[in-house]
Amino acid sequence: MKISSKEFRVAEGEKVDLRKRPTRVEPVYTSKEDYEKLLAEHVARLSDLQQLLYASDRYALLLIFQAMDAAGKDGAIKHVMSGVNPQGCQVFSFKHPSAVELQHDFLWRTTRNLPERGRIGIFNRSYYEEALIVRVHPEILRSEAIPDLPRHDEDFWRERYRSINQLERHLHANGTRIVKFFLHISKEEQRKRFLARIDEPEKNWKFSLADIEERKFWKEYRTAYEKCLAATSTADCPWHVVPADDKQNARLLVSTIILEALEGLEMTYPKTDAKRRAELDAIRAQLA
């Protein structure tokens, strides 16, 4: 099955209803062996393109992963990026902000970790948490020391979406390409993965009572995601809603979308001019 990333993309201005978006689609692989072969091909191609990205030194790539708990963000990042040179790629995970971070605007802690040109940056959760978990739990706003804290209404969230869109527009104009993934898992599949984290000792560390508490807000999170995706998916920085009930299939979809983003960039290895060639020939002569 040929992968078409367009069917997972959120169009600019689209009204998002996640209940109409599948959490599972026909797999693009036919067996475990076929999955491993396809993933290895994607990883190898990704490694080549990452090297070209680094050598050309014109663009940066920022990958943003958001999802409900247990949707497979960590696994997707681990498997898809397994072949990338660590010198050209950095992963940042954002959890509860520190006291220092709360003394700054909500974009500050993430923008400090943006990738430089030639590199791939990965945000495992991101500044979007400020329009997701904070929207579900508005009491968090009280700790952010916002002057004249506005009422918890639509105007406030529209302003946050606007700040995010302006940041991403600025980054895009200056060479950072942003690819955003929402790994879309069903509530039933999440339940199964939570049970696996309890039943399998090596997964116990992944589970806490807080996970169950957040699960109670499933509908609220779905609404927050729907509003956020609709407001912040643009032509230049689109969201992709990736069906995540099948972990292997999700990884192949994610890797395909990343490859498409890199292949769409105008990248070439630096050309050796006459002056540089003469320098290299002189070095060769000394070594000989």
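Just so you know, residue 1 is the first one in the sequence shown, and it goes up from there.
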message = Under 4.5 Å between side-chain heavy atoms, counting indirect links through other Ile/Leu/Val/Met/Phe/Trp/Tyr residues: same cluster for Ile212 and Val136 or not?
response = no

key: Whether over 12 other heavy atoms sit under 6.0 Å from Lys187 NZ   = yes

request  = Grab the two heavy atoms, one from Val43 and one from Val80, that are nearest each other, plus how far apart they are.
outcome  = CG2-O, 3.6 Å

remark   = Ile257 and Ser5 have their tightest heavy-atom pair at CG1-CB, 3.6 Å

task = Please test Glu263 against Arg45 for salt bridge (charged side-chain N to carboxylate O under 4.0 Å, His left out), starting from the C-alpha separation and ending with a verdict.
result = CA-CA 10 Å; Glu263 289 169 346; Arg45 177 61 177 155; 3.3 Å; yes

remark   = For Ile122 and Cys89, the nearest pair of non-hydrogen atoms, with its separation, is CD1-SG, 3.7 Å

remark   = With sequence neighbours left out, the residues meeting ring pair (Phe, Tyr, Trp, His ring centres under 6.0 Å) with Phe194 are Phe207

key: Stepwise side-chain contact (heavy atoms from CB on, under 4.5 Å) check, Lys192 with Glu188   = CA-CA 6 Å; Lys192 292 178 181 178; Glu188 173 59 17; 3.4 Å; yes

key: Check against salt bridge (charged side-chain N to carboxylate O under 4.0 Å, His left out), Arg277 and Asp273   = CA-CA 6 Å; Arg277 173 49 57 191; Asp273 57 21; over 6 Å; no

message = Determine whether a donor-acceptor pair (N or O, by modelled atom type, separation under 3.5 Å) exists between the side chain of Glu101 and the backbone of Ser98.
response = yes

query = Considering residues, nucleotides and ligands other than Arg112, do more than 12 of their heavy atoms fall under 6.0 Å from its CZ?
reply = yes

query = With a 4.5 Å heavy-atom cut-off, do Tyr221 and Met68 have their side chains touching?
reply = yes

inquiry  = Counting only heavy atoms not in Glu214 (residues, nucleotides, ligands), do more than 12 fall under 6.0 Å from its CD?
reply    = yes

query = Where the side chain of Asp69 meets the backbone of Ala210, is there a donor-acceptor pair that is under 3.5 Å apart?
reply = no

key: Donor-acceptor pair, side chain of Asn174 and main chain of Leu171, under 3.5 angstrom   = no

ask   = What ring-ring contact (aromatic ring centres under 6.0 Å, His included) pairs are there with at least one residue in residues 108-142, not counting sequence neighbours?
value = Phe94-Phe123, His104-Trp108, Tyr128-Trp239, His137-Phe217

For His79, ring pair (Phe, Tyr, Trp, His ring centres under 6.0 Å) partners two or more places apart = none

message = More than 12 heavy atoms of other residues, nucleotides or ligands under 6.0 Å from CZ of Arg21: yes or no?
response = yes

task = Can you measure from OG1 (Thr232) to CD1 (Ile178) and round to the nearest 0.5 angstrom?
result = 10.5 Å

key: Any His172 side-chain heavy atom under 4.5 Å of Glu168 side chain   = no

task = Nearest 0.5 Å please: distance from the CZ atom of Arg197 over to the CD atom of Glu202.
result = 12.0 Å

task = Taking atom CD of Gln90 as the centre, report whether more than 12 heavy atoms of other residues, nucleotides or ligands fall under 6.0 Å from it.
result = no

ask   = Quick one: does Ser233's side chain have a donor or acceptor within less than 3.5 Å of a partner on Ala230's backbone?
value = no

ask   = Do Arg177 and Leu265 come within less than 4.5 Å of each other through their side chains, counting heavy atoms only?
value = yes

key: Hydrophobic cluster identity match, Ile133 and Leu102, side-chain contacts under 4.5 Å   = no

request  = Go through the steps for Ile120 and Leu62 under the test side-chain contact (heavy atoms from CB on, under 4.5 Å), then give the verdict.
outcome  = CA-CA 6 Å; Ile120 298 174; Leu62 174 61; over 6 Å; no

ask   = If you look at every heavy atom in Gly121 and Pro115, which pair is closest and at what distance?
value = N-CB, 3.6 Å

key: Any Leu259 side-chain heavy atom under 4.5 Å of His42 side chain   = yes

message = Quick check: is Ile64 connected to Leu167 through a chain of hydrophobic side chains (ILVMFWY, heavy atoms under 4.5 Å apart)?
response = yes

message = Pair Arg142, Glu139 - check salt bridge (charged side-chain N to carboxylate O under 4.0 Å, His left out), show working.
response = CA-CA 6 Å; Arg142 289 195 290 271; Glu139 63 274 12; 5.6 Å; no

request  = Would you check if the side chain of Asn204 reaches a backbone N or O of Ile198 as a donor-acceptor pair within less than 3.5 Å?
outcome  = yes

message = Please check: side-chain N/O of Asp57 versus main-chain N/O of Leu53, any donor-acceptor pairing under 3.5 Å?
response = no

inquiry  = Main chain of Phe65, side chain of Asn124: is a donor-acceptor contact present, judged purely on distance under 3.5 Å?
reply    = no

request  = Measure the shortest side-chain to side-chain distance between Tyr225 and Leu18 over non-hydrogen atoms and say whether it is less than 4.5 angstrom.
outcome  = yes

Residue Gln87 excluded, over 12 heavy atoms near CD under 6.0 Å = no

task = Mark yes or no for whether Glu14, through its side chain, and Ala11, through its backbone, hold a donor-acceptor pair below 3.5 Å.
result = yes

Donor-acceptor pair, side chain of Asp245 and main chain of Ser186, under 3.5 angstrom = yes

ask   = If only atom types and distance count, is the side chain of Arg125 paired as donor or acceptor with the main-chain N or O of Phe92 below 3.5 Å?
value = no

Inter-residue atom distance Thr30.OG1 - Lys37.NZ, 0.5 Å rounding = 9.5 Å

task = Drop me the distance from Lys180's NZ to Leu229's CG, to the nearest 0.5 angstrom.
result = 8.5 Å

query = Judged by modelled atom types alone, do Gln248 and Glu36 share a side-chain donor-acceptor pair under 3.5 Å?
reply = no

Test: Arg215 and Glu220 ion pair at under 4.0 Å = no

query = Between Glu189 and Thr23, do the side chains contain an N or O donor and an N or O acceptor separated by less than 3.5 Å?
reply = no

ask   = Does NZ or CZ of Arg160 fall inside the cone over Phe106's six-membered ring, less than 6.0 Å from its centre and within 45° of the axis?
value = yes

task = Taking all heavy atoms of Ala70 and all of Ile185, pick out the closest pair and write down the distance.
result = O-CD1, 3.4 Å

key: Flag if over 12 foreign heavy atoms under 6.0 Å of CG, Leu209   = no

key: Thr272 side chain reached by Leu280 side chain, heavy atoms, under 4.5 Å   = yes

key: Shared hydrophobic cluster, Tyr59 / Tyr269 (ILVMFWY, side-chain heavy atoms < 4.5 Å)   = yes

request  = Supply the atom-to-atom distance Lys216 NZ to Asp211 CG, rounded to the nearest 0.5 angstrom.
outcome  = 12.5 Å

ask   = What are the two closest non-hydrogen atoms of Ala131 and Cys228, and how far apart are they?
value = CB-SG, 4.3 Å

query = Rounded to the nearest 0.5 Å, how far apart are CD of Gln50 and CG of Leu262?
reply = 9.0 Å

Test log, rule side-chain contact (heavy atoms from CB on, under 4.5 Å), inputs Trp157 and Arg135 = CA-CA 8 Å; Trp157 299 113; Arg135 181 156 192 162; 3.4 Å; yes

inquiry  = Counting C-beta onward and ignoring hydrogens, is there a side-chain heavy-atom pair between Tyr29 and Asp246 closer than 4.5 Å?
reply    = yes

inquiry  = I'd like to check Pro238 versus Arg9 (side-chain heavy atoms, cut-off strictly below 4.5 Å). Are they in contact?
reply    = yes

key: Glu12 versus Thr234, side-chain donor and acceptor atoms under 3.5 Å   = no

